[in-house]
Amino acid sequence: MKEKNSVFQIPSFAKREAYNFDATKESLEIYKELNEIAEEIERCRLRNC
C-alpha cells in the first residue's frame, strides 16, 4: 500500500512546560556528581576514539 506523501509534518516550536527545580544543597551535590560522571564518560570516549 502506498504511503501518503502529500502530508508534510512540521515540527512544533511551542515552548514546552519547564520544571522549576529549587537549588538546594542536596540537589547541587547531585548535579555536581552527575557532571563528574559526564566528564569521566567524555574522557573515556575521547580515549577510545
Side-chain angles (χ1 to χ4, degrees):
M1 186 173 198
K2 190 174 180 181
E3 293 181 24
K4 293 183 179 181
N5 293 328
S6 62
V7 177
F8 183 74
Q9 295 189 3
I10 301 173
S12 172
F13 293 102
K15 289 188 176 184
R16 294 184 181 188
E17 195 173 311
Y19 295 101
N20 251 343
F21 291 106
D22 291 332
T24 63
K25 184 178 179 181
E26 183 179 312
S27 67
L28 291 177
E29 289 173 1
I30 291 171
Y31 291 131
K32 182 181 176 194
E33 184 175 349
L34 289 173
N35 193 45
E36 290 172 0
I37 292 169
E39 289 172 355
E40 183 176 351
I41 290 170
E42 181 66 11
R43 284 192 301 272
C44 291
R45 187 187 70 78
L46 291 172
R47 189 174 55 233
N48 290 327
C49 287

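For Glu33, the side chain to side chain contact (heavy atoms under 4.5 Å, CB included) partners at least two apart in sequence or on another chain are Ile37. Under the side-chain hydrogen bond (donor to acceptor under 3.5 Å, both in side chains) criterion, Glu39 pairs with Asn35, sequence neighbours left out.
Sorted by first and then second residue, the salt bridge (Lys or Arg N to Asp or Glu O under 4.0 Å) pairs involving residues 40-49 (not counting sequence neighbours) are Glu42-Arg45.
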